[in-house]
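Sequential numbering from 1 along the given sequence is applied to the chain's residues. Ligands are counted one by one from 1 in listed order, and the atoms in each one are counted from 1 as well.
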Amino acid sequence: MDFSIKALDAKNTIASAKSGCVVVGVFENKKLSKAAKALDGAGEITAALKSGDITGKAGTTLLLRGLKGAAADRVLLVGLGAEETVSEKAIGSAINAAIKALGTVAATDAIIALPLEEVKGRDANWAIRSVVLAGRDAVYRTDAQKSKKDPAWAGPKKLALAVANNAGNKLSLSQAVATANGMELTKELGNLSANVCTPTYLANVAKKLGKDFGFEVEILDRKQMEALKMGSFLSVTNGSEQAPKFIVLKHKGGKAKDAPTVLVGKGITFDTGGISIKAGPGMDEMKYDMCGAGSVLGTFRAIGEMGLKSNVVGIVAACENMPSGRATKPGDIVTSMNGLTIEILNTDAEGRLILCDALTYAERFNPAAVIDVATLTGACIVALGHHNSGVFARDDDAGNALVDALMASGKATGDTAWRLPIGEQYNEQLKSNFADLANIGTPGGASCTAAAFLENFTRKYPWAHVDIAGTAWKSGAAKGATGRPVPMLTNFLIGRAG
Ligand code: BES
Ligand code: MN
Ligand code: ZN
């Protein structure tokens with residue numbers, strides 16, 4: 001889907017715009033938006049509202065053809081709700097409804113003339129991104145591994161946004177498209193089956209990104225990880241025939257002296273649970289256990305395309321968690337890269353075991369901040385459902401600036417997150433009789449004890465952990481990766497780049 005800006009003025013009016021379809025808003029109190037008024041020369045829109053064919057409730061739609069006051073072939077009316085002040089929620093559902101309705105409109109192009117620059121409490125940047133992400137989500141098909149492809153999007157492939165053609169809007173559009181491209185990569189990687197999307201496959205994707213966008217990419221193999229003494233990471237890959245990969249990407253968009261922001265992704269390309277094996281039903285979904293890694297690669301795709309002016313390092317810790325005669329057993333004790341010994345009481349709590357060594361490795365970059373992203377705990381789904389990712393961080397007197405920035409960025413992009421606690425009490429739950437700490441806590445607060453475990457390895461820099469177990473993919477009939485939290489991370493990095 002191609003997006004562009006269509007600036008309207010006294011000369012180029014919505015009425016004179018030649019297009020397959022123009023999309024305009026109407027209100028619930030039978031009032032017309034400015035754009036709708038401009039097309040209502042012969043009163044067809046007023047009549048449609050009067051007749052009740054469209055109520056104007058947010059998210060309702062009606063397609064009209066051959067309006068006398070419009071040069072366009074069709075006019076799609078979209079409800080904006082009761083008020084004449086456009087609320088964020090109403091325009092959000094209007095955008096989604098418009099995209100859905102356009103899916104069956106046999107036009108090659110359309111102009112979205114919804115009041116994108118008049119949303120209460122939101123700027124055009126927000127609205128432009130909302131249209132682009134909704135549009136790109138609608139055209140996405142999960143058919144990479146099907147011999148017969150799913151029917152393609154049947155609606156217009158060219159969408160013009162009726163907003164001012166200024167530098168700010170142009171930048172917003174290009175950033176939104178880059179974000180959508182990043183999300184698409186993340187979805188693609190998540191949806192690929194685990195026999196294809198192996199650690200080696202992720203390493204090759206990283207190399208390709210390096211070539212396409214100029215990132216420095218380094219792939220460490222098992223020997224190099226052994227030399228670094230990543231005993232915790234390596235304990236997870238013991239049972240697997242697939243070679244583990246430790247992938248490092250560097251985006252050098254800032255000054256050489258500027259400390260980088262580091263993103264760390266959990267890349268378990270399949271999580272059987274290991275010797276603490278998972279139950280059969282639904283185990284296929286553990287191919288998504290690399291979505292943290294996928295979102296780091298997707299975010300790099302996005303910032304590479306937009307040429308972000310700051311330094312960012314990406315670390316992807318990738319391996320499989322499999323049972324075998326060589327697999328790690330419950331009770332085994334391993335030594336992590338920072339020297340702490342870990343009693344592995346449950347081999348299914350493997351994410352933290354690979355992440356802790358990746359977090360220690362991150363120290364060498366003297367980072368301004370480190371954010372790790374992981375499908376870490378089923379308990380996070382119990383706590384927050386599928387709406388919000390969980391964010392965790394140490395507290396200082398003023399709360400935590402990283403958490404605030406991540407949550408604000410999530411709110412701005414509709415990729416929301418909610419803070420959950422860590423702290424001394426959760427660390428107490430991780431005590432081991434035989435090692436420095438255990439890899440699972442005593443019962444209760446499993447997302448918090450998982451995050452508290454990671455915190456032990458992050459004391460040399462500002463750090464936040466994002467648990468995306470509930471947000472990275474959807475189960476059920478529409479099973480598939482969501483591309484989250486690429487919007488949150490990308491927007492967060494844009495904010496830090498200033
Ligand atoms: N990858 C899982 C977490 C997960 C489960 C994500 C379900 C999404 C859906 C993780 O490796 C895991 O198995 N965690 C265990 C931890 C437990 C053993 C303390 C869990 O959540 O059950
Ligand atoms: Mn697991
Ligand atoms: Zn896992």
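Between Trp473 and ligand 1, no pair of N/O atoms sits closer than 3.5 Å. Backbone and side-chain nitrogen or oxygen atoms of Gly378 are examined, and one is located within less than 3.5 angstrom of a nitrogen or oxygen of ligand 1. Backbone and side-chain nitrogen or oxygen atoms of Asp348 are examined, and one is located within less than 3.5 angstrom of a nitrogen or oxygen of ligand 1.
In this view, Thr198 satisfies the side chain to side chain donor-acceptor pair (under 3.5 Å) rule with no residue, not counting sequence neighbours.
Residue-level proximity to ligand 1 for Phe270 is absent, since no heavy atom of it falls below 4.0 angstrom. Proximity of Asp289 to ligand 1, defined as any heavy-atom pair under 4.0 Å, is confined to the side chain (atoms from C-beta onward).
The protein heavy-atom contact nearest to atom 16 (C) of ligand 1 is Arg352 NH2, 3.9 Å. Counting only heavy atoms of the protein, atom 6 (C) of ligand 1 lies nearest to Ala469 CB, 3.7 Å. From the protein, the heavy atom lying nearest to atom 18 (C) of ligand 1 is Asn346 ND2, 3.5 Å. In terms of protein heavy atoms, atom 2 (C) of ligand 1 is closest to Asp271 OD2, 3.6 Å.
Asn439 and Asn346 share no side-chain donor-acceptor pair at under 3.5 Å. Side chains of Tyr140 and Glu188: a donor on one and an acceptor on the other come within 3.5 Å. Side chains of Glu455 and Trp463: no donor on one and acceptor on the other come within 3.5 Å.
Across the listed options Thr449, Leu376, Val382, Val236, Leu376 owns the non-hydrogen atom lying nearest to atom 10 (C) of ligand 1. Summarising the contacts of atom 7 (C) of ligand 1 with Met286, Met290, Glu285, Glu350, the nearest heavy atom is found in Met286.
Rounded to 10°, the angle that OE2 of Glu350 and OD2 of Asp289 form at the Zn ion (ligand 3) is 100°.
Judged by distance alone, with hydrogens and angles left aside, the side-chain atoms of Arg394 form no donor-acceptor pair with the main-chain N or O of Gly423 at under 3.5 Å. The backbone N or O of Met337 sits less than 3.5 Å from a side-chain atom of Asp357, completing a donor-acceptor pair. In this structure, Thr186 contributes its side chain and Gly294 its backbone to a donor-acceptor pair below 3.5 Å. With Asp467 contributing its side chain and Leu376 its backbone, the two residues share a donor-acceptor pair below 3.5 Å. Formation of a donor-acceptor pair under 3.5 Å by the Asn456 side chain with backbone atoms of Ala452 is found in this model.
Residue contacts to the Zn ion (ligand 3): Asp271 brings an N, O or S atom closer than 2.8 Å. Inclusion of Lys266 in the first shell of the Zn ion (ligand 3) is supported: an N, O or S atom falls under 2.8 Å.
Residues Ile219 and Lys207 are in side-chain contact: their nearest non-hydrogen atoms beyond the backbone lie under 4.5 Å apart.
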Next on the checklist: Is there a ring pair (Phe, Tyr, Trp, His ring centres under 6.0 Å) between Phe300 and Phe215? Walk through the geometry before answering.
Outcome noted: CA-CA 9 Å; Phe300 264 74; Phe215 307 134; 5.1 Å; yes

Item to check | Tyr461 vs Phe365, ring pair (Phe, Tyr, Trp, His ring centres under 6.0 Å): CA-CA, chis, key distance, verdict | outcome: CA-CA 10 Å; Tyr461 45 68; Phe365 302 113; over 10 Å; no

Next on the checklist: If you apply the rule side-chain hydrogen bond (donor to acceptor under 3.5 Å, both in side chains), what do you find for Thr347 with Ser276, and how did you get there?
Outcome noted: CA-CA 5 Å; Thr347 64; Ser276 313; 3.2 Å; yes

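Note on ligand 1: Lys266 sits in its first shell, one or more heavy atoms being nearer than 4.0 Å. The shell of residues lying under 4.0 angstrom from ligand 1, judged by heavy atoms, includes Ile381.
Screening the protein for N, O or S atoms under 2.8 Å from the Mn ion (ligand 2) yields 4; no waters enter the count.
Distances below 4.0 Å separate heavy atoms of Thr375 from the following atoms of ligand 1: 1 (N), 2 (C), 3 (C), 6 (C). Of all atoms in ligand 1, numbered sequentially from 1 with element shown, those under 4.0 Å from a heavy atom of Ile440 are 19 (C).
The nearest pair of heavy atoms linking Ala393 to Val403 is CB-CG2, 3.4 Å.
Within the 4.0 angstrom cut-off, atom 13 (O) of ligand 1 has one or more protein heavy-atom neighbours.
Using a cut-off of 4.0 Å between Lys/Arg side-chain N and Asp/Glu carboxylate O, Lys245 and Asp221 are scored as not salt-bridged.
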